[in-house]
Amino acid sequence: MKYSRRDVVKMGLGAGAGMLLSPTSAQVARASAVQMPSYIMRTIPSSGERVPAVGMGTRQFSNPSDDLIPTLREAVRRFAELGGKVVDTSPSYGRAEVIFGDMAHSLGVQDDLFLATKISVRGENQRQVGIDQMRKSLERLHTDTIDLQQVHNIRDFATQWRTVQEWKDRGVVRYAGMTTSSVRQYEEFARLMETEPLDFVQLDYSLGQRRAEERLLPLALDRGIAVLTNLPFG
């Protein structure tokens with residue numbers, strides 16, 4: 001079933017309101033018998049799939065020192081052990097895809113994760129460059145399927161978006177999206193949100209950068225587009 005973010009909010013409010021009512025003994029028994037997750041979940045509007053709200057970025061994996069490698073590997077292991085799912089990376093993050101992919105593979109957790117990466121090319125009409133980059137991402141991440149493929153900072157969007165859609169139709173990509181981390185791109189970003197069949201957008205949003213509240217977040221709500229936030233601490 002397809003739910004809009006507004007539908008999900010309403011369902012959540014309804015569930016919350018129900019929890020405020022005086023429970024029956026049967027309700028208490030059922031509640032005590034069910035182990036509820038301790039993390040906040042979010043619903044992807046285009047599919048109804050649910051994932052934890054907090055994910056892992058991989059910029060720290062771009063060029064780590066040798067003494068940092070064990071710490072990063074333990075972070076990946078613990079993230080998966082605690083039920084973490086969404087991991088966001090990019091070919092433009094140095095060696096992040098390679099290092100993270102090898103760690104997840106050696107730990108045997110890559111199939112349990114929701115892997116998000118990007119096409120990040122320079123110039124226009126770079127179709128083959130984008131295709132080659134996507135193939136390398138599959139290899140580096142030790143997977144046959146990319147959960148979320150994003151056009152990075154809407155570079156060469158028309159060309160790369162066509163490839164993402166084709167790969168989604170073939171089942172190699174599950175969700176399609178685009179990213180921005182620049183207010184200067186917000187106008188074009190909003191136009192694409194209004195016209196393209198996006199499953200996800202990724203944008204910069206923090207206490208220090210609230211501009212996404214003005215148009216992009218309301219537009220995502222109305223269009224039923226899932227939102228990933230980057231630079232959450234500014």
Side-chain angles (χ1 to χ4, degrees), residues 44 46-47 49 51-52 55-64 69 72-73 75-77 79-80 84-181 189 192 196-204 225-231:
I44 301 171
S46 65
S47 68
E49 180 179 357
V51 293
M56 176 183 285
T58 56
R59 288 300 293 267
Q60 295 292 331
F61 292 75
S62 61
N63 189 30
I69 292 290
L72 293 176
R73 191 176 191 277
V76 174
R77 186 197 69 78
F79 177 78
K85 293 289 183 183
V86 180
V87 178
D88 180 71
T89 188
S90 172
S92 64
Y93 296 169
R95 298 175 60 233
E97 279 190 329
V98 173
I99 293 173
F100 176 83
D102 287 350
M103 287 180 180
H105 180 66
S106 67
L107 289 165
V109 301
Q110 81 272 16
D111 291 338
D112 299 324
L113 301 175
F114 184 102
L115 299 174
T117 190
K118 307 173 183 74
I119 301 180
S120 184
V121 300
R122 300 287 183 178
E124 296 297 318
N125 301 315
Q126 299 290 309
R127 178 171 168 80
Q128 190 58 48
V129 174
I131 290 172
D132 292 343
Q133 199 172 81
M134 290 173 68
R135 286 173 176 164
K136 288 181 180 178
S137 291
L138 289 169
E139 180 182 338
R140 291 166 176 167
L141 295 172
H142 299 274
T143 183
D144 296 324
T145 305
I146 295 173
D147 293 294
L148 170 59
Q149 182 61 266
Q150 304 158 100
V151 179
H152 201 182
N153 288 330
I154 56 176
R155 296 172 185 149
D156 194 21
F157 182 85
T159 300
Q160 306 307 330
W161 183 243
R162 180 160 62 98
T163 299
V164 173
Q165 291 292 90
E166 289 173 357
W167 282 43
K168 184 180 177 183
D169 290 341
R170 289 164 44 198
V172 183
V173 167
R174 297 179 60 227
Y175 296 101
M178 63 182 183
T179 80
T180 185
S181 55
F189 204 78
L192 293 170
E196 301 298 333
L198 292 150
D199 298 301
F200 274 82
V201 293
Q202 183 177 158
L203 45 83
D204 49 322
I225 301 172
V227 176
L228 287 178
T229 59
N230 56 48
L231 304 174

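Nothing here was measured: the structure is a model prediction, and the numbers come from that model.
D169 and Q165 share no side-chain donor-acceptor pair at under 3.5 Å. Side-chain polar atoms of T89 and R140 form no donor-acceptor pair below 3.5 angstrom.
Each of I99, T117, V87 was scored for a side chain to side chain contact (heavy atoms under 4.5 Å, CB included) with T58, with one residue passing: V87. Residue Q150 is tested with D199, D88, T179 for a side-chain hydrogen bond (donor to acceptor under 3.5 Å, both in side chains); the sole match is D88.
Contact record, V121 with R155: O-CD, 3.2 Å, taken as the closest heavy-atom pair. The two atoms that bring D156 and G123 nearest to each other are CB-O, 3.4 Å, heavy atoms only.
Here D147 pairs with F114, L115, R174 under the side-chain contact (heavy atoms from CB on, under 4.5 Å) rule; sequence neighbours left out. In this structure E139 satisfies the salt bridge (Lys or Arg N to Asp or Glu O under 4.0 Å) test with no other residue, sequence neighbours excluded. Residues satisfying the ring-ring contact (aromatic ring centres under 6.0 Å, His included) criterion with F189, sequence neighbours excluded, are absent altogether.
No side-chain heavy atom of F157 sits under 4.5 Å from any side-chain heavy atom of V164.
No more than 12 heavy atoms of other residues, nucleotides or ligands sit less than 6.0 Å from atom CZ of R122.
E49 has no carboxylate O lying under 4.0 Å from a charged side-chain N of K85, or vice versa, which leaves the two without a salt bridge.
Here the side chain of Q126 pairs a donor or acceptor atom with the backbone of E124 at under 3.5 angstrom. Side-chain atoms of Q149 come within 3.5 Å of backbone atoms of K118 as a donor-acceptor pair (strictly under, hydrogens ignored).
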